[in-house]
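Worksheet for the structure shown next.
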Protein chains: 2
Amino acid sequence: MISSGKETLKLENQLCFRLYNLSKSMNRLYAPVLKELELTYPQYLVMLVLWQATEPLKVKALGEKLDLDTGTLSPLLKRMEKLNLLSRNRNKEDERSVEIKLTQHGQSLKTKAEHIPTQMFKVTKLSIDKLHNLNKMLDKLSENIG
Amino acid sequence: MISSGKETLKLENQLCFRLYNLSKSMNRLYAPVLKELELTYPQYLVMLVLWQATEPLKVKALGEKLDLDTGTLSPLLKRMEKLNLLSRNRNKEDERSVEIKLTQHGQSLKTKAEHIPTQMFKVTKLSIDKLHNLNKMLDKLSENIG
DNA sequence: TGCATTTAAGTTGTGCACAATGTATATTTT
DNA sequence: AAAATATACATTGTGCACAACTTAAATGCA
């Protein structure tokens, strides 16, 4: 039962705590694998977006895809530029925006990353059906609270 | 299909990205509600543990329940002590350990927090059955990767 | 055209997470 | 009992997240 009783304040009953812990667990799971590419987890997410992109992406577009604001993205992208993963250039047509492009090094990392999703899927020990089902439930939840 | 093909590196296909985003969304959902109690989300989790506890908890025990190490907990608990939420005292029997106890103020906040789980449950727009089902799937995943 | 408004990034400050290391106390081993 | 090991917590340093604010360029409109 869901009511304002004794049980509701128990840590173990909180969906948010499960998501918080799973997110941390995932991070820890990815960290050693990504270390081989010298990437942090958020940097990996940026790379995922850029590897898919067919043209330079503005910071704003990146932020929308990753649900991150410039307060997070600006320093993150600066660090990635320093690591020679990408370039940041002011758009000539609109000097407000900055275009993010992979460097050759950044592009070349894609090959080394291609095994990661499969490897991680195996670690979850989920069947493909269960994964799809879970994804669907999480998407629905995202839609409801996002 | 799961294989090392084109699709696997797509951001939208990553379970980890869903969890990462949902965790952030949850945080944002809780932030304004917790602000009324002057708590951050991790501080709220600490309070959930302490509100349930029948005796003072050692930092280590708290860390195990929350899956946080002392590098995170020590400064977090210090901030909470400063906010007059809890006290930190060296154990007389074992000077290595530190006992965490709620202050009266910390204890009194429990009443003000009692509406939060129910309120948050409503926001998710999930049925109780679906919530239980999702919780079960997430616990299973936790067990597999944790 | 001039000025207010909007838009795109960047900056500042706070609070986590966590790896790596340090410090002090307790326990175990010899 | 002395030395080695283990335990509990703290500290340092890096990298996010995000709120709040700033800066500069583009757009809208009187």
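Since the model is a prediction, treat every value here as computed from it, not as a measurement. Here is the naming used below: chain letters follow the sequence lines, and residue numbers restart at 1 for every chain.
Using a 4.0 Å heavy-atom cutoff across all strands shown, B/Ser74 reaches at least one base atom of the nucleic acid. The residue A/Thr72 sits close to a base: some heavy atom pair falls under 4.0 Å. Nucleic acid contact for B/Glu93: sugar-phosphate only, since backbone atoms but no base atoms lie under 4.0 Å from a heavy atom of the residue. Contact annotation for A/Thr40: backbone-only contact, meaning every heavy-atom pair under 4.0 Å involves sugar-phosphate atoms and none involves a base.
When the side-chain nitrogen and oxygen atoms of B/Tyr20 are compared with OP1 and OP2 of D/dA17, one or more of them lie within a distance under 4.0 Å. Of the side-chain N and O atoms in A/Arg79, one or more sit less than 4.0 angstrom from OP1 or OP2 of D/dC16. For D/dT11, one of the phosphate oxygens OP1 or OP2 lies less than 4.0 angstrom from a side-chain nitrogen or oxygen of B/Lys78. Between B/Arg88 and D/dA10, a side-chain N or O to OP1/OP2 separation shorter than 4.0 Å is present. Taking side-chain N and O atoms only, A/Lys60 has a distance below 4.0 Å to OP1 or OP2 of C/dA8.
We find that CG of A/Leu73 is positioned 13 Å from C1' of D/dG15, with the value rounded to whole Å. Rounded to whole Å, atom C1' of D/dA8 lies 15 Å from atom CG of B/Leu57. The interatomic distance linking A/Glu95 (CD) with C/dA9 (P) rounds to 12 Å, in whole Å. Here the P atom of nucleotide C/dA17 and the CZ atom of A/Arg28 are 10 Å apart, to the nearest Å. Rounded to a whole Å, the CD atom of A/Glu81 is 15 Å from the P atom of D/dG15. To the nearest angstrom, P of C/dC18 lies 9 Å from CG of A/Asn21. To the nearest angstrom, P of C/dT14 lies 14 Å from NZ of B/Lys35. Regarding A/Leu39, its CG atom lies at a distance of 13 Å from the C1' atom of D/dG15, rounded to whole Å.
Along DNA chain C, the nucleotide closest to A/Ser97 and the one closest to A/Pro75 are compared, and the more 5′ of them pairs with A/Ser97. Toward the 5′ end of DNA chain D lies the nearest nucleotide of B/Leu77, the other residue of the pair B/Leu77 and B/Asn27 mapping further downstream. Heavy-atom distances to DNA chain D give each of A/Asp67 and A/Asp94 a nearest nucleotide, and the one nearer the 5′ end belongs to A/Asp67.
Between the A/Arg88 side chain and the A/Ile100 main chain, no donor and acceptor come within less than 3.5 Å of each other. No donor-acceptor pair under 3.5 Å is formed between the side chain of B/Ser74 and the backbone N or O of B/Gly71. Judged by distance alone, with hydrogens and angles left aside, the side-chain atoms of B/Lys24 form a donor-acceptor pair with the main-chain N or O of A/Asp67 at under 3.5 Å.
Side-chain proximity of B/Arg90 to C/dC16, C/dA19, D/dC9: nearest is D/dC9. Among the nucleotides D/dA24, C/dA17, D/dA10, the one closest to the side chain of B/Leu68 is C/dA17. Residue B/Leu76 has its side chain nearest to C/dC16 when only D/dT7, D/dC9, C/dC16 are considered. Side chain of B/Pro42, nearest nucleotide from C/dA9, C/dC18, C/dC16: C/dC16.
Using a 4.0 Å cut-off between charged side-chain N and carboxylate O, B/Glu143 and B/Lys140 make no salt bridge.
In the model, A/Glu99 has a side-chain atom that pairs as donor or acceptor with a side-chain atom of A/Asn91 under 3.5 Å.
Classification of the A/Trp51-A/Tyr44 ring pair by plane angle, with boundaries at 30° and 60°, yields perpendicular.
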